[in-house]
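Please read the structure below before turning to the comments.
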Amino acid sequence: MGSLVLDALGKRYGSSVAVERVDLDVRQGEMVALLGPSGCGKTTTLRMVAGFVEPTAGRVLIGGGDVTRAPPHARDTGMVFQSYALFPHMSVGANVAFGLEMRRIGRAEREQRVREVLRLVRLEGLEDRLPRQLSGGQQQRVALARALVVNPAVFLLDEPLSNLDAKLRGEVRMEIRALQQRLGLTTLIVTHDQEEALTMADRLVVMERGRVRQVGSAEDLYERPADPFVAGFVGRCNLLDGRLETPGRFRTASGALLPCGAPEGAGGDAVLALRPEHVRVAPAADGPGRLVAVTYLGPQTEYHLDLAGTRLLAVQPTPGAADPMRRLSPGDAVSISWDAAAARLLPAAQPDKEPDA
Amino acid sequence: MAALVLPASLLVLLLLVAPMLLLFRISLNEFSPTQMMVEATSAANYLRAVQDPYYRQVLLTTLAVATGSTLLALGLGFPTAYWLARMQGRWKSLATITVLFPLLVGNVVRAAGWLALLGNGGAINATLLGLGLIAAPLPLLYNTGAVVAGIVAVVLPYMVLTLSAVIEGIPRQTEEAAANLGARPMTVFRRVVLPQALPGVAAGSVLVFVLCMNTYASAVLLGGPQFKMMAPAVYDQFVRGNNWPFGAALAFILLGITLVLTVAGSAALGRRYRC
């Protein structure tokens, strides 16, 4: 059993469902990301672990103990808030020492541990500053230190990087991950930023409208998405509606017949998922495709294509200056191809329906 | 811009300052039962107010009632203000209007309401008598308790609104962070909410204390003829005694003491909590 277990956890507000059902088993020292668009229930799930939201179904277990009905102060979690939530009237030192004080740890040990954790987050010597006298990045590290100093059984991060500028975000991401691994912290992080989730977490939980769509490693989600939502949310993806006509042949809704990686079976609505980097484009005067737009992005170039009424996106390494590809312009005819195995067949998206109350 | 705001500012200044200057001049005059007011420049009225045990008692009563009422309003107002500040959506507007509602009724009308509640034939005594729980009406009216109740009812909306404006600015997440770090609800309040709310506590208390010090209607109507506070005493000198110089001196003593206490109070609070 993991050190954090969510067992059929759910939250309803009246008849509206915030979290349908989350089952998750986080191992000791593992970092799991809850990933999804806003309103998908990831923050509600995190707040149920911290105890700020009372679940209407299921259980939360920390270190094997059931804390579902325990108040926040009785749970051994350390949370870093999106806004940092530093105590504005207390010095950095007092902020960090607060959790130790609540645990009735003596002054000498308290001061020692505050010094240690501030060194860990590279803020030594700033004990006497007030939070408002620090930069955003420094405030963020105080929030980390304040949660870390109590050695929580579960470390909770609620969009911890969203208030930092892009450059700092990359650095802090690596720092948090390094700290988490070094201290062996069981961690749950909430983010809507897929890059953040992919680079930091051991496993990702993709959520949408209160439901878990898929749990897996970054590779699992990117290379073997379970459904069109995951395929589209993690990385970019061409998603084509249609049906499998014969084994290996997919008929799009607009009528084009495309090769796909489904050697068996036929019939039934499906979605063809094709990553842009798997789509090959070449100039061909008699080609079946047409170039709609080209976007030069330095190392890569994006080609927006039309294949018999079906829109496709291709992303290829930018060809050399002498390559004929460089002379392609919108309206030109092109040939379009991909390895059949790269085109994955996914179950058709469920029609939108309200979860029954 | 300066040219545009100048005329109005001057007018306001004139309306505020001129009567004060006039009143101060009057307070230095002398009183004669036959000639009413005699031009003079003397501190005699001030000395009399300070030396006369009667007026010393009036001043002490006023200070005690104002301090007690302010503390009571703070104690009652804080939970309400917190609840109001943390409310969401349309219920919040409704609750705010409910808090404001008493201000739509004048002080005198509200005091009359207390009379109807606390008087010998009032609602409470009538009910208790009717139930046979008491043989004679309880003396609920014409005492310090009735005056304090009346004053608190008047000043509570000011306290609640001032406090809740400040509490609204306290990030909810700082409370959650404290709870997450192991603080029980009372500790969260004492260590996180209250220190951040202190500017509101200071502002609300100063505002309410000033209002309490100048209580008139509640003191007269609910305190009865034996109960004296400063504002009614000033009124008596002007209207009943026709002694304008002494009334003006009493008014300035009230003003001065209120000013000194509020400035000293908020300075002490500000030093202690750097707010």
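Naming: A, B, ... by sequence-line order, numbering from 1 per chain.
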message: I'd like to know if the side chain of A/Gln138 and the backbone of A/Ser135 have a donor-acceptor N/O pair within less than 3.5 Å.
response: yes
query: Which distance, rounded to the nearest 0.5 Å, do you find between the OG of B/Ser266 and the CG of B/Leu198?
result: 12.5 Å
message: Just so I understand: if I count every heavy-atom pair under 4.5 Å between each of B/Asn180, B/Thr174, B/Ile170 and chain A, which residue has the most?
response: B/Asn180
task: Please determine, by modelled atom types, if A/Gln180 and A/Arg177 share a side-chain donor-acceptor pair under 3.5 angstrom.
output: yes
- prompt: For B/Arg191, is it the side chain, the backbone, both, or neither that has a heavy atom closer than 4.5 Å to a heavy atom of chain A?
  reply: both
message: Shorter than 4.5 Å, heavy atoms on both sides: which option in B/Glu176, B/Arg184, B/Gln196, B/Gln173 has the most such pairs with chain A?
response: B/Glu176
- prompt: Measuring heavy-atom distances to chain B, does A/Leu86 have an atom under 4.5 Å in its side chain, in its backbone, in both, or in neither?
  reply: backbone
- prompt: Which is it for A/Asp66 and A/Thr68 under the side-chain hydrogen bond (donor to acceptor under 3.5 Å, both in side chains) test, yes or no, and what are the steps along the way?
  reply: CA-CA 6 Å; A/Asp66 190 337; A/Thr68 314; 2.5 Å; yes
- request: Let me know if A/Arg146 has heavy atoms under 4.5 Å from chain B in its side chain, its backbone, both or neither.
  value: both
message: Let's test your reading of the structure: which of A/Thr77, A/Val80, A/Asp76 forms the most heavy-atom pairs below 4.5 Å with chain B?
response: A/Thr77
Whether A/Phe81 and A/Phe52 hold their rings parallel, tilted or perpendicular, with breakpoints at 30° and 60°: tilted
